[in-house]
Amino acid sequence: MAPSVVLITGCSTGMGLATAVHLATKSKHDFKVYATMRNLAKKGQLETAAGETLEKTLFIRELDVTKNDTITSLVDEIVRDNGRIDVVFNNAGFSVFDDYFMGDEPLDAAKTMMDTNVWGPTRVMQAVLPVMKKQKSGRIINTTSGEGIEGYPFHGFYSASKFALQGLSENLSPILRQVYNIKLSVLVPGPVYNPSFAIIMDPAFKPEYICGKWDSPSQEVFLDYWQRDMQPIIQAYQQPEEVAELVERIILSEDPYVRYPTGSLIAKRMADQLIDPTGNVAGGLYHSFKQ
């Protein structure tokens with residue numbers, strides 16, 4: 001049987017890298033993985049991890065989810081060489097803290113984040129869906145976030161981008177499944193270790209680095225929030241390899257769910273949010289600001 005052909009975005013670090021390596025080198029199932037990243041200068045860690053599988057079961061390619069030409073070029077290559085695309089893992093994305101509505105920061109970063117986190121996976125899906133529709137099969141996994149279910153303070157536009165992708169995915173999922181046998185799920189991670197965590201978990205890290213240019217009241221609220229809410233969340237991080245194993249289970253499931261929280265912390269916060277019609281108590285965040 002031919003290997004399952006997998007396209008993954010955002011593979012320079014974190015979940016994308018771990019999933020590409022896991023599927024190509026450790027899985028008992030036969031996968032052929034196209035691991036992509038925006039900047040190939042950052043491929044060194046992935047090349048090392050790939051080892052002897054490089055250009056055999058793991059292929060590193062350039063793909064910028066904000067640029068249609070890089071997407072269509074790679075999709076054309078994959079279809080030309082394999083005749084199909086079985087799985088897409090839309091993993092590329094980024095986040096920044098913001099003070100947009102309490103300060104005077106420009107919206108450029110927010111627009112860039114929306115372009116990457118929402119329109120990026122949309123472009124990838126637009127490129128691969130004609131192939132999957134024709135073959136009447138396929139798996140799509142879109143990475144949203146716990147913040148696509150529950151908005152976190154000071155992460156407004158990141159939460160907005162993930163809410164948008166969550167809504168789009170839930171809208172498309174039943175249609176694609178019923179009409180084309182394309183099964184779309186969302187991966188809902190909480191904190192997952194990546195190089196950014198090494199910075200914020202360093203004992204020498206000061207959260208003032210994030211909020212230092214904000215006005216004094218905003219800084220005060222943020223620093224209190226960082227200590228009371230963000231620190232416990234950060235300390236409960238998962239390793240990306242754990243998430244990679246879950247991604248494989250989603251791919252291999254005959255009847256995958258629409259939503260997959262990656263761990264117990266995020267599953268509980270999702271449950272709290274989804275059963276709370278007021279939005280006041282979900283995850284305890286409201287009480288962090290309630291006087």
Side-chain angles (χ1 to χ4, degrees), residues 9-10 14-16 65-66 88-103 105-126 140-177 184-192 194 196 210 222 225 229-230 233-234 236 238 243 246-247 250 256-263 265-289:
T9 66
M15 295 188 301
V65 298
T66 69
V88 170
F89 179 25
N90 272 315
N91 171 70
F94 76 97
S95 68
V96 294
F97 286 95
D98 58 61
D99 182 37
Y100 294 110
F101 295 111
M102 291 184 282
E105 298 183 36
L107 295 180
D108 293 347
K111 293 176 181 178
T112 301
M113 188 157 47
M114 287 290 183
D115 196 24
T116 300
N117 294 0
V118 181
W119 295 115
T122 301
R123 293 183 188 98
V124 175
M125 288 191 290
Q126 188 176 46
I140 297 173
I141 302 171
N142 288 336
T143 301
T144 61
S145 169
E147 297 188 51
I149 302 291
E150 172 191 15
Y152 286 16
F154 303 103
H155 247 187
F157 281 101
Y158 178 71
S159 290
S161 71
K162 293 303 186 177
F163 266 90
L165 184 57
Q166 181 79 34
L168 176 64
S169 300
E170 291 191 12
N171 174 277
L172 290 174
S173 182
I175 303 168
L176 292 176
R177 181 181 293 233
L184 188 159
S185 299
V186 290
L187 183 75
V188 189
V192 178
N194 61 42
S196 297
I210 297 171
F222 176 80
Y225 166 67
D229 283 290
M230 283 303 297
I233 292 172
I234 291 169
Q238 294 178 280
V243 179
L246 174 59
V247 172
I250 298 171
Y257 301 137
V258 175
R259 284 194 297 263
Y260 283 88
T262 64
L265 170 69
I266 200 66
K268 182 181 185 306
R269 297 181 80 102
M270 285 174 60
D272 289 344
Q273 174 74 356
L274 294 171
I275 65 173
D276 171 28
T278 69
N280 281 353
V281 299
L285 294 179
Y286 175 78
H287 295 292
S288 296
F289 296 94

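For the side chain to side chain donor-acceptor pair (under 3.5 Å) test, residues two or more places apart in sequence or in another chain that qualify with S161 are N117. Every residue two or more places apart in sequence or in another chain that forms a side-chain contact (heavy atoms from CB on, under 4.5 Å) with N171 is listed here: I175. Contacts of Y257 classified as side-chain contact (heavy atoms from CB on, under 4.5 Å), with partners at least two apart in sequence or in another chain: Y260.
Between F97 and F222, the ring center distance clears the sub-6.0 Å criterion.
Between S145 and Y158, some side-chain heavy-atom pair lies under the 4.5 Å cut-off. At least one side-chain heavy atom of L165 sits under 4.5 Å from a side-chain heavy atom of P121. Side-chain contact between M113 and V96 is present, with heavy atoms from C-beta onward closer than 4.5 Å. The shortest side-chain heavy-atom distance between I266 and P191 does not fall under the 4.5 Å cut-off. In this structure, L168 and T122 have side chains that are in contact, with non-hydrogen atoms separated by less than 4.5 Å. Between D229 and Y152 there is no side-chain heavy-atom pair separated by less than 4.5 Å. In this structure, M125 and V88 have side chains that are not in contact, with every pair of non-hydrogen atoms separated by 4.5 Å or more.
Counting only distance, with no hydrogens or angles, the side chain of Q238 and the backbone of T262 share a donor-acceptor pair below 3.5 Å. Checked by atom type and distance alone, the side chain of T9 pairs as donor or acceptor with a backbone atom of A92 at under 3.5 Å. Here the side chain of K162 pairs a donor or acceptor atom with the backbone of T143 at under 3.5 angstrom. For the pair R259 (side chain) and V186 (backbone), a donor-acceptor distance under 3.5 Å is absent.
Here the closest heavy-atom approach between residue G146 and residue V188 is recorded as N-CG1, 3.5 Å. Taking every heavy atom of both residues into account, P261 and L246 meet most closely at O-CD2, 3.8 Å. The two residues A236 and L265 have their closest heavy-atom pair at CB-CD2, 3.7 Å.
Atom CZ of R177 is separated from atom CD1 of I140 by 12.0 Å, given to the nearest 0.5 angstrom. M114 CE to F157 CZ: the interatomic distance, rounded to the nearest 0.5 Å, is 6.0 Å. Within the model, atoms CD of E147 and CZ of F163 stand 9.0 Å from one another, a figure rounded to the nearest 0.5 Å. For the atom pair OG of S169 and CG of N142, the computed distance is 4.0 Å after rounding to the nearest 0.5 Å.
Checking each of V243, N91, N90 against L187 for a side chain to side chain contact (heavy atoms under 4.5 Å, CB included) leaves exactly one that passes, namely V243.
Between R269 and E150 there is a salt bridge, since a side-chain N of the basic residue sits under 4.0 Å from a carboxylate O of the acidic one.
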Does D115 form a side chain to side chain donor-acceptor pair (under 3.5 Å) with T66? I'd like the steps, not just the answer. CA-CA 6 Å; D115 196 24; T66 69; 4.6 Å; no

For V65 and R123: C-alpha separation, side-chain torsions, deciding distance, then whether side-chain contact (heavy atoms from CB on, under 4.5 Å) applies. CA-CA 7 Å; V65 298; R123 293 183 188 98; 5.5 Å; no

